[in-house]
Amino acid sequence: MGKLGGKVAIITGGARGMGAAHVRRFVEEGAKVVITDILVEEGQALANEFGDNATFIKHDVTKAADWETVVAEAEKAFGPVNILVNNAGISMNKGLLDITEEDYRRIVDINQVSVFLGMKTVVPSMQKAEGGSIVNISSINGLVGGAIGYTDTKFAVRGMSKAAALQLAPTGIRVNSVHPGVIETPMISQGDSKDAIQEFAKFIPNRRIAKPEEVTNVVLFLASDESSYCVGAEFVVDGGITAQ
Ligand SMILES: NC(=O)c1ccc[n+]([C@@H]2O[C@H](COP(=O)([O-])OP(=O)(O)OC[C@H]3O[C@@H](n4cnc5c(N)ncnc54)[C@H](O)[C@@H]3O)[C@@H](O)[C@H]2O)c1
């Protein structure tokens, strides 16, 4: 049996990028995976690769009603939920004087309110399973400053992970945050040119950006029982950027 044998997992933003890497590995490790995203074609195509071991649900993480549906459908398909990876997110590279109030509320909704809604909605299901693991994807910008808006939301994810972890730890539900550095996904390739990424890589102690699977290894550890004593902690995967 794999590291996640018998577990039911929800992975948001699972249609592409890091989320898709987590989905692939989770299925390999024996989990039944509910892939959620607003990208219907990509999400459905990914789920089709895994037959009965995965299902796709269209899900806007900013909507409480969508969350209710996702958890209910996950339970119906596979049983009570053991693992939630709050991975969906967007980036935004605008300065303080350029970002609009609308932009700001949008990124807070997608990157921050979504994580609150996800934790709140999934916990009753995890209580039925008598335990669980919530892995919240923050960023190195949840530890050190970066773009306005994005940084704010990622610090919030780090904070709410600790608050929820303290409350839920006695019930056997663990919450931790993951802080990736620069990872090769559509989020990065759509925002920056290859040359800009190579230039930035010179300032990373590892001298390269990471593959999504290098983050998956840490997410898998936190989702599995191997991390049974990790509670409200921060897991940095950044090639040394924040160690400088
Ligand atoms: N790529 C990086 O360098 C990096 C670094 C640090 C943290 N992160 C974080 O990792 C997570 C995954 O990022 P990625 O790089 O794989 O990006 P990505 O853009 O490739 O994937 C993000 C996914 O989230 C989905 N999504 C966006 N808005 C949504 C919504 N409202 N409802 C449901 N799904 C939605 C997108 O459709 C997409 O499939 C994000 O939270 C991101 O902030 C990324």
Side-chain angles (χ1 to χ4, degrees), residues 1-14 19 22-23 25-27 29-36 54-55 57 59 61-89 111-138 142-143 153-179 215-236:
M1 192 153 57
K3 289 180 179 173
L4 301 180
K7 308 254 193 213
V8 176
I10 297 171
I11 301 180
T12 69
H22 306 335
V23 168
R25 186 70 189 279
F26 275 35
V27 173
E29 295 289 346
K32 300 284 188 192
V33 181
V34 177
I35 305 165
T36 87
T55 188
I57 302 175
H59 174 206
V61 290
T62 66
K63 299 207 158 72
D66 276 19
W67 271 107
E68 296 290 347
T69 306
V70 165
V71 174
E73 291 292 317
E75 285 194 349
K76 207 158 85 185
F78 301 129
V81 179
N82 307 102
I83 299 160
L84 169 63
V85 183
N86 273 313
N87 165 77
N111 288 5
Q112 177 180 334
V113 178
S114 65
V115 177
F116 158 75
L117 289 174
M119 293 196 293
K120 193 173 166 61
T121 317
V122 84
V123 163
S125 188
M126 289 185 170
Q127 284 168 338
K128 286 184 213 162
E130 294 180 352
S133 172
I134 299 176
V135 184
N136 291 331
I137 308 299
S138 174
L143 300 166
T153 62
K154 294 301 186 179
F155 264 76
V157 169
R158 174 178 163 215
M160 75 175 89
S161 299
K162 291 190 195 305
L166 294 178
Q167 187 190 327
L168 296 171
T171 72
I173 299 172
R174 297 179 298 103
V175 187
N176 292 283
S177 58
V178 174
H179 301 263
V215 178
T216 298
N217 290 331
V218 176
V219 174
L220 170 64
F221 166 71
L222 291 172
S224 78
D225 295 338
E226 286 186 355
S227 56
S228 52
Y229 209 61
C230 299
V231 171
E234 293 150 13
F235 292 79
V236 181

Colleague: So, for V135 and S133, which heavy atoms are closest and what is the spacing to 0.1 Å?
Modeller: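 Scanning both residues, the minimum pair turns out to be CG2-OG, 3.9 Å.
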Colleague: So, does T171 use its side chain to make a donor-acceptor pair with the main chain of L168 at under 3.5 Å?
Modeller: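 It does hold such a pair.
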Colleague: Hey, is the main chain of L4 close enough, under 3.5 Å, to the side chain of E29 for a donor-acceptor pair?
Modeller: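 Here the side-chain-to-backbone pair does not exist.
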Colleague: Drop me the distance from N176's CG to N136's CG, to the nearest 0.5 angstrom.
Modeller: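 Reported to 0.5 Å precision, the distance equals 9.0 Å.
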Colleague: Any side-chain heavy atom of I10 sitting closer than 4.5 Å to one from L84?
Modeller: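 In short, these two side chains touch, coming nearer than 4.5 Å.
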Colleague: Taking all non-hydrogen atoms of both residues into account, name the closest pair between N82 and M126 and its distance.
Modeller: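 Looks like O-CE, 3.5 Å.
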Colleague: Does the side chain of I134 reach to within under 4.5 Å of the side chain of V123, using non-hydrogen atoms?
Modeller: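 Yes, side chains in contact.
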Colleague: List the steps, then state whether side-chain contact (heavy atoms from CB on, under 4.5 Å) holds for V8 with E75.
Modeller: CA-CA 9 Å; V8 176; E75 285 194 349; over 6 Å; no
Colleague: Report the C-alpha separation of E73 and V34 in whole Å, then their side-chain angles, then the decisive distance to 0.1 Å, and conclude whether the side-chain contact (heavy atoms from CB on, under 4.5 Å) test is met.
Modeller: CA-CA 9 Å; E73 291 292 317; V34 177; over 6 Å; no
Colleague: So how far is it from M119 CE to S161 OG, rounded to the nearest 0.5 Å?
Modeller: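 If I round to the nearest 0.5 Å, the distance is 5.5 Å.
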Colleague: Determine the sole option in T12, V85, N86, V115 for which the side chain to side chain contact (heavy atoms under 4.5 Å, CB included) test with I137 is passed.
Modeller: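 It is V85, the one option of T12, V85, N86, V115 that forms the side chain to side chain contact (heavy atoms under 4.5 Å, CB included) with I137.
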Colleague: Under the criterion side-chain contact (heavy atoms from CB on, under 4.5 Å), I'd like the reasoning laid out for V219 against F26: C-alpha separation, chi angles, the key distance, then a yes or no.
Modeller: CA-CA 10 Å; V219 174; F26 275 35; 3.9 Å; yes
Colleague: Measure the CZ-CG distance between R25 and L220 for me, rounded to the nearest 0.5 Å.
Modeller: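 Nearest 0.5 Å value for the CZ-CG distance: 5.0 Å.
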Colleague: Measuring from atom OG1 of T69 to atom CD1 of I57, what distance do you get when rounded to the nearest 0.5 angstrom?
Modeller: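 Nearest 0.5 Å value for the OG1-CD1 distance: 8.0 Å.
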Colleague: Is the closest side-chain heavy-atom distance between K7 and D225 below 4.5 Å?
Modeller: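 Yes. Closest side-chain heavy atoms under 4.5 Å.
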Colleague: Please report the shortest heavy-atom distance between V23 and I35, naming the atom on each side.
Modeller: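 Closest pair (atom of V23, atom of I35, distance): CG1-CD1, 3.7 Å.
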Colleague: Check whether S125 reaches the backbone of V81 with its side chain - one donor and one acceptor, N or O, closer than 3.5 Å.
Modeller: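 Yes, because the side chain of S125 sits within donor-acceptor range (under 3.5 Å) of the backbone of V81.
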Colleague: Which heavy atom of R174 sits nearest to which heavy atom of L222, and what is that distance?
Modeller: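 Here R174 and L222 meet closest at NH2-O, 3.2 Å.
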Colleague: Side-chain contact, heavy-atom cut-off 4.5 Å: V113 with T62?
Modeller: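 Not touching, per the 4.5 Å side-chain cut-off.
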Colleague: Quick one: CG on L117 to CD on E68, what's the gap to the nearest 0.5 Å?
Modeller: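 CD of E68 is found 9.5 Å from CG of L117.
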Colleague: Mark yes when over 12 heavy atoms from residues, nucleotides or ligands other than K63 sit less than 6.0 Å from its NZ; otherwise mark no.
Modeller: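 Atom NZ in K63 is not crowded, with 12 or fewer foreign heavy atoms closer than 6.0 Å.
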Colleague: Looking only at atom types and distance, does a side-chain atom of N87 sit under 3.5 Å from a main-chain N or O of G13, one as donor and one as acceptor?
Modeller: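 At least one qualifying donor-acceptor pair exists.
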Colleague: After noting the C-alpha distance and the side-chain angles of I173 and Q127, does the key distance pass the side-chain contact (heavy atoms from CB on, under 4.5 Å) rule?
Modeller: CA-CA 8 Å; I173 299 172; Q127 284 168 338; 4.1 Å; yes
Colleague: How far does OG of S227 sit from OH of Y229, to the nearest 0.5 angstrom?
Modeller: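 It comes to 13.5 Å.
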Colleague: Is any side-chain heavy atom of H179 closer than 4.5 Å to a side-chain heavy atom of K154?
Modeller: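 Sidechains of K154 and H179: no contact.
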Colleague: Tell me, yes or no, whether the heavy-atom count around E130 atom CD, taken from other residues, nucleotides or ligands under 6.0 Å, exceeds 12.
Modeller: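 No, because the 6.0 Å sphere around CD of E130 holds 12 heavy atoms or fewer from other groups.
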